[in-house]
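This report refers to the structure that appears directly beneath it.
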Amino acid sequence: MEAAAGSDGYPASAPTAGPAAGARQGGSQTLARGLSALMAIVDSADGMTVQDVAKLLDVHRSIAYRVVQTLVDFDLVTQAPDKVYRPGARLAALSESYLPTLRNIAMPAMRELAEQVGCTVSLFVAEGDSAVSIATAEPTTATHHIRFRSGMRTPINRGAAGYALLAEGPPQPDEPLAVERARRDGYAISHGEVEAEAHAVAAGFSVPNVRACLNVMTYVEERATSAVAEVRNCANTIRDQLTSGT
């Protein structure tokens with residue numbers, strides 16, 4: 001069986017919240033604090049207290065309280081009886097508004113692929129210098145597997161997902177050799193670049209204004225290499241459906 005990374009099964013090296021508001025330059029400090037707190041609460045497995053938020057933002061507890069209460073007022077977070085703040089229901093509505101056609105078409109194919117390969121399948125899109133997971137499908141037949149939360153970010157110049165996304169763009173003079181290979185072969189592979197000892201395979205596809213890819217990650221090398229054809233075929237199927245509008 002394949003053991004999952006970290007105590008909650010998510011990659012131990014996966015990024016959490018962005019930099020604290022005090023470290024940001026320009027823009028609205030109040031807005032930056034609110035967004036930093038929101039991202040941290042979403043990424044926290046057990047939720048956060050006001051004291052946790054105050055420490056994150058490096059502000060007095062009273063300021064942290066006003067920040068999280070504003071998030072509560074907008075239903076972005078909710079406060080449990082134990083005084084811990086957790087993600088609110090409105091986040092679900094917000095997430096559904098992000099690239100809905102892409103996610104709606106991709107998810108059925110991703111679920112089928114997850115069952116075929118016995119691994120979690122993640123849908124990534126390129127956003128600046130990051131590869132961002134926007135949807136995941138987990139196998140129902142495998143008890144232990146590496147999982148990715150939606151919203152997780154990895155550097156776009158590291159790992160199979162990033163290489164596959166870069167390969168969907170025009171060649172660049174300083175791009176990694178793995179990107180050239182991905183552009184030539186139609187898929188990218190990596191080992192230990194995002195999660196220690198993990199093998200990954202990804203295949204990209206493009207639709208107007210969006211570069212996307214499917215990514216599978218596993219600790220079992222044979223499972224990754226045997227999934228190449230399925231991942232590539234699934235990415236092509238999604239691209240064709242998006243192109244045809246079906």
Side-chain angles (χ1 to χ4, degrees), residues 3-100 103 107 114 120-125 127-140 142-155 194-196 198 217:
S7 59
D8 61 355
Y10 293 96
S13 60
T16 54
R24 299 177 186 272
Q25 299 295 322
S28 168
Q29 184 183 55
T30 300
L31 178 59
R33 284 173 173 170
L35 293 175
S36 293
L38 178 61
M39 289 189 293
I41 292 170
V42 169
D43 286 339
S44 174
D46 301 317
M48 299 181 70
T49 64
V50 170
Q51 189 60 40
D52 293 331
V53 175
K55 183 177 180 180
L56 170 78
L57 301 180
D58 192 25
V59 298
H60 190 273
R61 190 177 184 278
S62 62
I63 296 176
Y65 177 78
R66 291 197 295 270
V67 168
V68 293
Q69 282 303 122
T70 300
L71 297 175
V72 170
D73 291 343
F74 283 87
D75 298 324
L76 296 173
V77 303
T78 183
Q79 185 183 28
D82 59 2
K83 305 298 183 182
V84 173
Y85 293 88
R86 296 182 174 87
R90 182 163 290 186
L91 291 173
L94 292 175
S95 67
E96 290 176 358
S97 67
Y98 184 74
L99 298 175
R103 291 188 295 107
M107 281 304 300
T120 297
V121 179
S122 299
L123 174 63
F124 279 82
V125 296
E127 187 173 276
D129 59 358
S130 298
V132 185
S133 171
I134 65 168
T136 61
E138 296 184 359
T140 60
T143 305
H144 300 289
H145 48 274
I146 300 176
R147 296 180 291 167
F148 266 92
R149 288 190 184 97
S150 293
M152 280 187 172
R153 291 174 175 265
T154 63
V194 173
E195 169 65 17
M217 185 178 288

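This one's a predicted model, so the numbers in the text were calculated from it and none came from an experiment.
Summarising the geometry of A114 relative to P139, their closest heavy-atom pair is O-CB, 3.4 Å, with the distance given to 0.1 Å. The two residues I134 and R103 come nearest to each other via the heavy atoms O-CD, 3.6 Å.
In this structure, S130 and T154 have side chains that are not in contact, with every pair of non-hydrogen atoms separated by 4.5 Å or more. Residues T136 and L123 are not in side-chain contact: their nearest non-hydrogen atoms beyond the backbone lie 4.5 Å or more apart. Between V68 and I41, some side-chain heavy-atom pair lies under the 4.5 Å cut-off.
For residues 74-85, every residue pair satisfying the side-chain hydrogen bond (donor to acceptor under 3.5 Å, both in side chains) rule, not counting sequence neighbours, is listed here: Q69-Y85, Q79-Y85, D82-R86.
A distance-only check finds no donor-acceptor pair linking the side chain of S44 to the backbone of A40 [under 3.5 Å].
Here the straight-line distance linking atom CZ of F124 with atom CZ of R153 works out to 11.0 Å at 0.5 Å rounding. Within the model, atoms CG of D73 and CZ of R66 stand 13.0 Å from one another, a figure rounded to the nearest 0.5 Å.
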Return a table of donor-acceptor pairs under 3.5 angstrom between the side chains of residues 45-57 and protein atoms on other chains or two or more places apart.
from, atom 1, to, atom 2, distance (Å)
T49, OG1, Q51, N, 3.4
T49, OG1, D52, N, 3.1
T49, OG1, D52, OD2, 3.1
D52, OD2, T49, N, 2.9

